[in-house]
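Remarks on the structure that follows.
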Amino acid sequence: MQDGQLFTWEALSAMGGASLLTFFVVQYTKALIDRWAKWLPTDLYAVAVAFMVLLLAQLALGADSGDWRVYVLALANAFLVAAAAGQMHNKALKPPGDGETK
């Protein structure tokens with residue numbers, strides 16, 4: 001941790017930090033999005049949140065905002081981060097060892 005902060009720009013540019021923040025933002029704002037944009041599926045909303053987290057982290061770390069590659073990589077990685085955030089949600093609802101047998 002740097003300067004007593006839980007998140008750093010470096011952490012938000014990595015899979016773990018980006019997926020955790022994406023999970024929290026989606027969970028806290030999903031009801032508002034469902035009310036105002038019923039047409040937007042939660043999965044795509046999570047990708048949009050992840051894209052913003054990753055893009056802002058890269059720009060904060062000094063990436064060139066005029067370089068198109070920053071945006072393309074942020075979008076590609078956003079799908080992975082959103083999928084990881086979705087897995088966090090699934091594990092929160094159905095934790096391992098909750099009595100289910102396979």
Between [X] and [Y], is there shared hydrophobic-cluster membership here, with clusters defined by ILVMFWY side-chain heavy atoms closer than 4.5 Å?
| X | Y | answer |
| --- | --- | --- |
| V81 | Y45 | no |
| M15 | V49 | no |
| L61 | F7 | yes |
| L59 | L75 | yes |
| L44 | W39 | yes |

With rounding to the nearest 0.5 Å, note down the distance linking [atom1] in [X] to [atom2] in [Y].
| X | Y | atom1 | atom2 | answer |
| --- | --- | --- | --- | --- |
| S13 | L56 | OG | CG | 12.0 Å |
| L93 | M88 | CG | CE | 13.5 Å |
| L21 | F23 | CG | CZ | 11.5 Å |
| Q87 | H89 | CD | NE2 | 10.5 Å |
| L12 | E10 | CG | CD | 9.0 Å |
| T42 | D34 | OG1 | CG | 5.0 Å |

Ignoring hydrogens and geometry, is there a side-chain-to-backbone donor-acceptor pair from Y71 to L55 under 3.5 Å?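 Checked: no pair found.
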Side-chain heavy atoms of N77 within contact of F51, under 4.5 Å: no
So which atom in [X] and which in [Y] form the shortest heavy-atom distance, rounded to 0.1 Å?
| X | Y | value |
| --- | --- | --- |
| A84 | S19 | CB-CB, 3.7 Å |
| V47 | A78 | O-CB, 3.5 Å |
| A18 | L54 | CB-CD2, 3.7 Å |

Checking side chain to side chain contact (heavy atoms under 4.5 Å, CB included) against Q58, which of D64, V70, D67 comes through?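 With Q58 as partner, side chain to side chain contact (heavy atoms under 4.5 Å, CB included) holds for just one option, V70.
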